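Working notes, structure below.
Just so it is clear: chains get the letters A, B, ... in the order the sequence lines come, proteins before strands, and each one is counted from 1. Treat the numbers as computed from the prediction; the structure is a model and nothing was measured.
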There are 2 protein chains.
Amino acid sequence: MKYVTIGEAAARWNIPESTIRYYEKKGLLPFIERDEAGRRLFSERQMALFEIILCLKNTQMPIGDIKQYMDWVAQGDDTVDLRLEMMKKHKQAVQAHIDSMTESLAGIDVKIDRYTNQINQREEERK
Amino acid sequence: MKYVTIGEAAARWNIPESTIRYYEKKGLLPFIERDEAGRRLFSERQMALFEIILCLKNTQMPIGDIKQYMDWVAQGDDTVDLRLEMMKKHKQAVQAHIDSMTESLAGIDVKIDRYTNQINQREEERK
DNA sequence: ATACGACTTAAACCATGGTTTAAGTCAACA
DNA sequence: TGTTGACTTAAACCATGGTTTAAGTCGTAT
């Protein structure tokens, strides 16, 4: 199996190594192996798990919740229903958040329109 | 003109009074008037400004940037172009953020599908 | 008159999510 | 053999965005 160092993993996801170490310390990466010298080795499985962590992070799931999820992953198939429920709930929360931002964008668009008109009118008057 | 106390404003936006005071301290609310006793009085104009602050907050604009925007508002019409540019940039950033979250949601959907199938299959086998 | 509720302030406190630092280990190359 | 470069750790540090506390001032209803 192909293993990847922390430096390569960091480059692959374009994040600092320190962030990966921090996530591991927080319990987000329960399966990382080490070589004889104590260096982290990331397997393909590990990289795939990291990808879902990044999806959860990117959708603002708190570290503590992601840890809960990873604990369930580590526990095995008995926790599939818990994980399913968590992902469904999270999806809904994310969708609600996106909707709320989209609404706020409408308020911002009002300003953009007003400012644009104001500037155009000033142009007119300069003529 | 109708004025509103901090308590009424807080209730109207459903946020703690302390948050409003914090925003004022940070320079986000440059126009708040006070009564003889030093209590804040929010005019309709103030409430409208607050609404746009909430839009910017809700779309994750940092406090410092919102302050910059409000400083420009306070400076008057000379800063309309700066404000327009800022709002346009911000809109783009927000749209990019929404797109990125939407992509992450796809990764989460993959998990939802997998878990759902796993559970259905378990159901089948129980029969 | 007084007591209550709504307000005021400055300063201390807090959680979250990292980043930085200092000191050390190891493998490989010159 | 020694010196890079990539890694290791624990602990300190930081920014952001508030929240809480303590002590005090009003206006008003009893």
If the sugar-phosphate is the primed atoms plus P, OP1 and OP2 and the base is the rest, what is the B/S/- string for nucleotides 11-30 of chain D, using protein heavy atoms under 4.0 Å? ------BBBB-----SS---
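- Atoms CD1 (A/Ile32) and P (D/dC7) sit 13 Å apart, rounded to a whole Å.
- Residue B/Glu33 contributes atom CD, which lies 14 Å from atom P of C/dT8 at whole-angstrom precision.
- OP1 or OP2 of D/dA6 has not a single side-chain nitrogen or oxygen of A/Thr5 nearer than 4.0 Å.
- Separation of atoms CD1 (B/Ile15) and NZ (B/Lys57) is listed at 10.5 Å; rounding is to 0.5 Å.
- Two different hydrophobic clusters hold B/Leu41 and B/Phe31 under the rule that ILVMFWY side chains link at heavy-atom gaps under 4.5 Å.
- When the side-chain contact (heavy atoms from CB on, under 4.5 Å) test is applied to A/Thr5, the partners found at least two apart in sequence or on another chain are A/Glu8.
- Residues meeting the side-chain contact (heavy atoms from CB on, under 4.5 Å) test with B/Asp113, sequence neighbours left out: none.
- Taken from CD1 in B/Ile108 to CD in B/Glu103, the straight-line distance is 12.0 Å, to the nearest 0.5 Å.
- Of the charged side-chain nitrogens involved, at least one lies within less than 4.0 Å of a carboxylate oxygen, so that B/Asp81 and A/Arg122 count as a salt-bridged pair.
- Ion pair B/Glu33/B/Arg40 not flagged as a salt bridge, since none of the NZ, NE, NH1 or NH2 atoms sits closer than 4.0 Å to an Asp/Glu carboxylate oxygen.
- Near DNA chain D, meaning a heavy atom under 4.0 Å away, there are no residues from residues 47-54 of chain B.
- Contact between the side-chain N/O atoms of A/Arg34 and the OP1/OP2 oxygens of C/dC26 is not found at any separation under 4.0 Å.
- Residues of residues 93-105 of chain A having a heavy atom closer than 4.0 Å to DNA chain C: none are found.
- The distance between atom CD of A/Glu17 and atom P of D/dT8, rounded to the nearest whole Å, is 7 Å.
- A donor-acceptor contact under 3.5 angstrom links the side chains of A/Asp99 and A/Gln95, judged on distance only.
- Ring planes of A/Trp13 and A/Phe50: parallel class, angle under 30° (limits at 30 and 60°).
- Within the nucleic acid shown, A/Arg21 comes within 4.0 Å of at least one base atom, counting heavy atoms only.
- In this structure A/Lys111 satisfies the side chain to side chain donor-acceptor pair (under 3.5 Å) test with no other residue, sequence neighbours excluded.
- A/Glu8 has its CD atom 17 Å from the P atom of D/dG5, to the nearest Å.
- A straight line from CD of B/Glu24 to C1' of C/dC7 spans 13 Å, rounded to a whole angstrom.
- Spacing between atom CG of A/Asp35 and atom P of C/dA27 amounts to 8 Å, rounded to whole angstrom units.
- Formation of a donor-acceptor pair under 3.5 Å by the A/Thr79 side chain with backbone atoms of A/Leu82 is not found in this model.
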